[in-house]
Student: 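A single structure is presented below for examination.
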Amino acid sequence: MSKDREQLFQNRIDAEQKIEPKDWMPDGYRKTLIRQISQHAHSEVIGMQPEGNWITRAPTLLRKAILLAKVQDEAGHGLYLYGAAETLNTTREEMIAALQSGKAKYSSIFNYPTLSWADVGAIGWLVDGAAIMNQIALCRTSYGPYARAMVRICKEESFHQRQGFDAMLALCRGSQEQQAMAQDALNRFWWPSLMMFGPHDADSAHSAQSVKWKIKRKTNDELRQQFVDQTVPQAEYLGLTIPDTDLKWNAETGHFDFGAIDWDEFSRVVNGGGLCNRKRLQHHIAASEAGQWVREAVHAYNKKHSEER
Ligand code: 3HC
């Protein structure tokens with residue numbers, strides 16, 4: 001019975017049909033979606049911290065307003081994604097508990113510190129640029145609520161990437177110190193941005209099945225390559241040097257060849273050994289505790305008003 005059902009399910013996936021919350025789905029499909037969507041949501045929310053760190057220190061009122069809008073957007077992205085994950089019979093409480101206990105992951109890039117204003121530009125340009133690469137593909141993911149959340153998120157993500165590139169351009173057209181600040185930010189964020197796409201396909205625990213179920217429409221390495229090919233000319237336009245001596249155009253393949261990623265650093269940061277891992281979770285836990293009374297008040301209000309209806 002279940003073999004037939006799984007085959008029928010796979011036929012629906014192969015026929016590009018969207019899977020909706022009330023449809024039958026294999027437990028593994030549900031499980032990996034809860035894993036990926038909740039960790040995606042965690043990344044959006046934790047990602048507010050490194051940039052939020054510069055809202056009060058933005059160089060102009062305009063940059064402050066732009067950064068405020070971006071950080072608020074990320075909170076909204078987190079909410080859309082938690083909402084999409086909740087359609088799979090998990091709860092917000094379970095997902096937050098998994099994050100705060102360290103059981104669930106969030107993107108390793110957010111465990112790097114933002115040491116200068118240029119880091120805010122580099123995050124928009126590179127991190128949101130990498131996120132868009134991945135999220136554009138996810139607009140076609142087989143799970144309906146996830147795909148629909150992506151469409152809205154991608155529209156806002158494009159603004160995020162443009163404002164980051166614009167901030168970098170302002171620095172690169174500025175004084176020598178500002179150009180050096182921009183180069184320093186690129187040096188520190190380039191390789192962690194490549195790690196955002198996950199391990200190489202051959203080492204990826206989930207990719208093969210996620211591609212079969214069309215949760216993923218492109219593999220980790222395909223998206224990483226797309227990101228490198230798109231970003232190298234942008235760095236050249238900025239007058240910045242990408243910190244990779246092996247980076248060179250390969251006329252045969254039509255892509256940039258690039259150097260080896262430090263997967264030891266990746267594993268260390270993913271497993272809690274990054275510069276800011278502890279700080280990010282402590283901040284999240286403190287904010288949750290400080291906001292507990294708001295959640296209790298909203299639940300009490302909703303309970304009272306639903307009883308009166
Ligand atoms: N940081 C932390 N963990 C990572 C990671 C990273 N950069 N890359 C991979 N991993 C983890 C995976 O979660 C998995 O661990 P798990 O089994 O405990 O979940 C393990 O490493 C093996 O990786 P796989 O490639 O097998 O895992 P996936 O098939 O899930 O691929 C992924 C990883 C490409 C991140 C995929 O989950 C994905 O596309 N997720 C949706 C997009 C997303 O989450 N992006 C994160 C950034 S969001 C962002 O930047 C917001 C922007 O607005 C700033």
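Numbering of ligands and ligand atoms starts at 1, following listing order.
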Student: For ligand 1, find out whether one of its N or O atoms is nearer than 3.5 Å to an N or O atom of H160.
Tutor: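 Between H160 and ligand 1, no N or O pair is found under 3.5 Å apart.
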Student: At a 4.0 Å threshold, what atoms of ligand 1 neighbour a non-hydrogen atom of K105?
Tutor: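 So the answer, numbered in order with elements, is 3 (N), 11 (C), 13 (O), 15 (O), 16 (P), 18 (O).
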Student: Show which atoms of ligand 1 fall inside a sub-4.0 Å distance from at least one heavy-atom site of Y106.
Tutor: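 With Y106 as reference, the close atoms of ligand 1 come out as 1 (N), 2 (C).
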Student: Just jot down the ligand 1 atoms closer than 4.0 angstrom to any heavy atom of F197, in number order.
Tutor: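 Contacts of ligand 1 toward F197, numbered from 1: 34 (C).
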Student: Which atoms of ligand 1 are found less than 4.0 Å from any heavy atom of N220?
Tutor: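 Close to N220: 25 (O), 34 (C).
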Student: Taking a cutoff of less than 4.0 Å between a non-hydrogen atom of the residue and any ligand atom, is L138 in contact with ligand 1?
Tutor: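 It does; at least one heavy atom falls under 4.0 Å.
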Student: Nearest to atom 39 (O) of ligand 1, what protein heavy atom do you find, and at what distance?
Tutor: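 Residue, atom and distance for the closest contact: N134 ND2, 2.9 Å.
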Student: Any protein heavy atom at under 4.0 Å, with atom 32 (C) of ligand 1 as the reference point?
Tutor: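 Within 4.0 Å of atom 32 (C) of ligand 1, no protein heavy atoms are found.
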Student: For atom 8 (N) of ligand 1, what is the closest protein heavy atom, and at what distance to 0.1 Å?
Tutor: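 Here the nearest protein heavy atom works out to G198 CA, 3.3 Å.
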Student: Among protein heavy atoms, which lies nearest atom 30 (O) of ligand 1, and at what distance?
Tutor: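 The closest heavy atom on the protein side is R35 NH1, 2.9 Å.
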Student: Under a 4.0 angstrom heavy-atom cut-off, which atoms of ligand 1 come close to S204?
Tutor: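 Under 4.0 Å from S204, ligand 1 has these atoms: 24 (P), 25 (O), 26 (O).
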Student: Say whether Y146 and T87, considering side chains only, have a donor N or O and an acceptor N or O under 3.5 Å apart.
Tutor: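 Short answer, no.
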Student: Please state which protein non-hydrogen atom is closest to atom 51 (C) of ligand 1 and give its distance, to 0.1 Å?
Tutor: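 Of the protein heavy atoms, E44 OE1, 3.3 Å lies nearest.
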Student: Give the atom numbers and elements of ligand 1 that come within less than 4.0 Å of a heavy atom of Q39.
Tutor: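 Matching atoms, with element in brackets: 13 (O), 19 (O).
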Student: Can you pull out the closest protein heavy atom to atom 17 (O) of ligand 1? Residue, atom name and distance to 0.1 Å, please.
Tutor: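 Checking every protein heavy atom, the shortest distance to atom 17 (O) of ligand 1 gives H206 NE2, 2.6 Å.
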Student: Considering only heavy atoms of Y146, which atoms of ligand 1 have at least one such atom less than 4.0 Å away?
Tutor: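 Listed by number with element: 41 (C).
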Student: Please determine if R162 and D128 form a salt bridge, counting it only when a charged side-chain N lies under 4.0 Å from a carboxylate O.
Tutor: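 Answer for the salt bridge query: no.
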Student: Is it true that P199 lies under 4.0 Å from ligand 1, counting heavy atoms only?
Tutor: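 Per 4.0 Å heavy-atom rule, P199 contacts ligand 1.
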Student: If you measure every N or O of E74 against every N or O of ligand 1, does any of those distances drop under 3.5 Å?
Tutor: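 E74 vs ligand 1: N/O contact under 3.5 Å present.
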Student: Considering the heavy atoms of S108, write down every atom of ligand 1 situated less than 4.0 Å from one of them.
Tutor: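 Those of ligand 1 that fall under 4.0 Å from S108 are 1 (N), 2 (C), 6 (C), 7 (N).
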Student: Counting heavy atoms only, which of K216, E157, R217, Q135 is nearest atom 29 (O) of ligand 1?
Tutor: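 When every heavy atom of K216, E157, R217, Q135 is considered, K216 comes closest to atom 29 (O) of ligand 1.
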Student: Among all the protein's non-hydrogen atoms, which is closest to atom 10 (N) of ligand 1, and how far away is it?
Tutor: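 Residue, atom and distance for the closest contact: F266 CZ, 4.0 Å.
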Student: Could you check atom 38 (C) of ligand 1 against the protein and tell me its nearest heavy-atom contact, residue, atom and distance included?
Tutor: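 For this ligand atom, the closest protein heavy atom is Q36 NE2, 3.5 Å.
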Student: Take atom 6 (C) of ligand 1 and look for protein heavy atoms under 4.0 Å from it; say yes if you find one, no if not.
Tutor: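 Within 4.0 Å: yes, protein heavy atom nearby.
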